[in-house]
Peer 1: 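Got a structure here, written out as structure tokens. Questions coming.
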Number of protein chains: 2
Amino acid sequence: MRDTDLPTRRLRTWLRLLRLTRGTENHLREYLRLNHDTTLPRFDVMAALHRANSPVKMSDLSRQLLVSNGNATAVVERLEKEGLAARVPGEGDRRVVLVALTDKGRAVFEAQAADHKAEVDRLFSMLGHEELDALRDILHRVEEASDGAIG
Amino acid sequence: MRDTDLPTRRLRTWLRLLRLTRGTENHLREYLRLNHDTTLPRFDVMAALHRANSPVKMSDLSRQLLVSNGNATAVVERLEKEGLAARVPGEGDRRVVLVALTDKGRAVFEAQAADHKAEVDRLFSMLGHEELDALRDILHRVEEASDGAIG
DNA sequence: GCCTGAAATTTTAAACTTGAAATACATTTG
DNA sequence: CAAATGTATTTCAAGTTTAAAATTTCAGGC
């Protein structure tokens, strides 16, 4: 591996990274299902709404989560049906739809988020400040360079 | 961020990593769709079959790709319908089903894979040997520790 | 004020994905 | 060997996801 060419190393690294995130997502999916009877996409949408702490445009939501508009609509629809989120028409522009967590949604999410954070902490417990620093530098480099091409 | 506690740093790093892989997957999905009229799951399955270079058990396939058995069945079914892969019953154990690329499938995949590798190389062109070394060490650490919990 | 083009969202069809149930075969145990 | 248990795969229902088409509204130019 020492003298492998760059393109091959980049490909292998990407495949390994992908594998790691898939495995982690699988673990977290099962965790959320067993402990909170919810799914990753629901959790992700609720996390984005909670983070915003004020109504979010559908288009901003899908942009933030890197999913299609149609997908955001579908997940929000189910959250709404369960009383966890609510949609309201935008004030000025009548095309706009804003979404926010309901009180129930906020309470439910906060319980989920605490456990989720603890589980992520467990999954990455082998990474200390030093490794996190190194990883941050690398992520920063990738984010800088791709800017738009990726997210 | 300097003096943020470890659990929070781990969570933020995970979210950033997830975002990076989502963005990269989105880019590669579009790339494969536009240039090779195919999808990521199809590509992944064909890559696993090509890599094995001999018929693969359905269960090994889904384990390798970290997807459910039902998912592997569905994707293989579509590849088979297009003449890119073929299923044959296992020799000894009659429950077993083996899958392999057809000649056409192999040829199609090799063309896709070359372009895919070049595109990944482009996406990660900001990472040189040094960063790849650092990333490898971190990935190794995570893989070692999670062993089973994740992959 | 109307027309044209752009933007925000939803709808739709098809594919993907999971988790659980069903099926078929194999292995162990009594 | 028969029953029970376990393994490999498929089937199924429901949810997720995308890409494209359809809707509705907005903004600018005429």
Side-chain angles (χ1 to χ4, degrees), chain A residues 18 21-23 25-46 48 55-82 84-99, chain B residues 18 21-23 25-46 55-82 84-85 87-99:
Chain A
L18 188 53
T21 58
R22 283 224 184 126
E25 277 196 292
N26 285 350
H27 182 104
L28 291 173
R29 174 183 300 114
E30 186 174 10
Y31 179 83
L32 287 176
R33 179 174 59 83
L34 296 179
N35 296 92
H36 290 281
D37 190 31
T38 190
T39 65
L40 281 177
R42 276 169 164 82
F43 182 81
D44 287 347
V45 166
M46 293 181 79
V56 177
K57 284 176 54 182
M58 289 300 294
S59 45
D60 288 341
L61 185 61
S62 55
R63 217 181 343 267
Q64 264 191 44
L65 300 178
L66 303 183
V67 301
S68 68
N69 285 347
N71 185 8
T73 296
V75 176
V76 165
E77 216 149 59
R78 285 181 202 109
L79 289 178
E80 199 167 35
K81 206 169 297 179
E82 296 176 24
L84 300 171
R87 276 183 287 196
V88 296
E91 293 290 304
D93 192 329
R94 278 190 302 177
R95 292 168 301 179
V96 168
V97 172
L98 301 173
V99 211
Chain B
L18 188 53
T21 59
R22 283 226 183 126
E25 278 196 291
N26 285 350
H27 182 104
L28 291 173
R29 174 183 300 117
E30 184 173 13
Y31 180 83
L32 287 176
R33 179 174 59 85
L34 295 178
N35 296 91
H36 290 281
D37 191 31
T38 189
T39 65
L40 282 177
R42 275 171 164 81
F43 181 81
D44 286 348
V45 165
M46 294 181 79
V56 177
K57 283 175 54 179
M58 289 301 294
S59 44
D60 287 343
L61 185 61
S62 55
R63 217 181 343 265
Q64 264 191 46
L65 300 178
L66 303 184
V67 300
S68 68
N69 286 346
N71 185 10
T73 297
V75 176
V76 165
E77 215 149 60
R78 287 180 204 111
L79 289 177
E80 199 168 35
K81 206 169 294 179
E82 296 176 26
L84 300 171
R87 274 183 288 196
V88 295
E91 293 289 304
D93 191 329
R94 278 190 302 178
R95 292 169 302 178
V96 168
V97 172
L98 301 172
V99 212

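Throughout, a chain's letter reflects where its sequence line sits, starting with A, and its residues are numbered from 1.
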Peer 1: For A:L66, is there any backbone N or O sitting under 3.5 Å from a side-chain donor or acceptor partner on B:N26?
Peer 2: yes
Peer 1: Please list residues of residues 29-40 of chain B whose heavy atoms come under 4.0 Å from any atom in DNA chain C, ordered by number; otherwise none.
Peer 2: B:T39
Peer 1: What residues form a side chain to side chain contact (heavy atoms under 4.5 Å, CB included) with A:R94, not counting sequence neighbours?
Peer 2: none
Peer 1: Nearest whole angstrom, please: distance from the P of D:dT16 to the CZ of B:R22.
Peer 2: 13 Å
Peer 1: What is the distance, rounded to the nearest whole Å, between atom CD of A:E25 and atom P of D:dT16?
Peer 2: 14 Å
Peer 1: What is the separation between atom CZ on A:R78 and atom P on D:dA13, rounded to the nearest whole Å?
Peer 2: 17 Å
Peer 1: Using the test side chain to side chain contact (heavy atoms under 4.5 Å, CB included), find all partners of B:T38 that sit at least two apart in sequence or belong to another chain.
Peer 2: B:L32, B:H36, B:R42, B:Q112
Peer 1: How many whole angstroms separate atom NZ of B:K81 from atom P of C:dA14?
Peer 2: 12 Å
Peer 1: Is there a side-chain polar atom (N or O) of A:R94 under 4.0 Å from OP1 or OP2 of D:dT24?
Peer 2: no
Peer 1: Can you name the residues that form a side chain to side chain contact (heavy atoms under 4.5 Å, CB included) with B:S59, not counting sequence neighbours?
Peer 2: B:K57, B:R63
Peer 1: Supply the atom-to-atom distance A:R22 CZ to B:L65 CG, rounded to the nearest 0.5 angstrom.
Peer 2: 7.0 Å
Peer 1: Looking at side-chain heavy atoms only, is the closest gap between A:M58 and A:N69 below 4.5 Å?
Peer 2: no
Peer 1: According to side chain to side chain contact (heavy atoms under 4.5 Å, CB included), who are the partners of A:E30, at least two apart in sequence or on a separate chain?
Peer 2: A:R33, A:L34
Peer 1: When rounded to the nearest 0.5 angstrom, what distance separates CG in A:L18 from CG in B:L28?
Peer 2: 9.0 Å
Peer 1: Report yes if a side-chain nitrogen or oxygen of A:N71 is closer than 4.0 Å to either non-bridging phosphate oxygen (OP1 or OP2) of D:dT16; otherwise report no.
Peer 2: no
Peer 1: Please list, pair by pair, any protein nitrogen or oxygen found under 3.5 Å from a nitrogen or oxygen in nucleotides 5-9 of chain C.
Peer 2:
unit_1	atom_1	unit_2	atom_2	d
C:dA7	N3	A:R95	NH1	2.8
C:dT9	OP1	A:M58	N	3.4
C:dT9	OP1	A:V97	N	3.0
C:dT9	OP1	A:V97	O	3.1
C:dT9	OP2	A:S59	N	2.6
C:dT9	OP2	A:S59	OG	2.4

Peer 1: Check the distance between C:dA15's C1' and B:E77's CD and give it to me in whole angstrom.
Peer 2: 13 Å
Peer 1: Taking atom P of D:dT17 as reference, at what distance in whole Å does atom CG of B:L28 sit?
Peer 2: 18 Å
Peer 1: When you match A:G92 and A:R42 each to their closest nucleotide on DNA chain D, which lands nearer the 5' end?
Peer 2: A:R42
Peer 1: Are B:E25 and A:T21 packed together at the side-chain level, in the sense that at least one heavy-atom pair is separated by less than 4.5 angstrom?
Peer 2: no
Peer 1: Could you state the CG-C1' distance from B:D44 to C:dT17, rounded to the nearest angstrom?
Peer 2: 13 Å
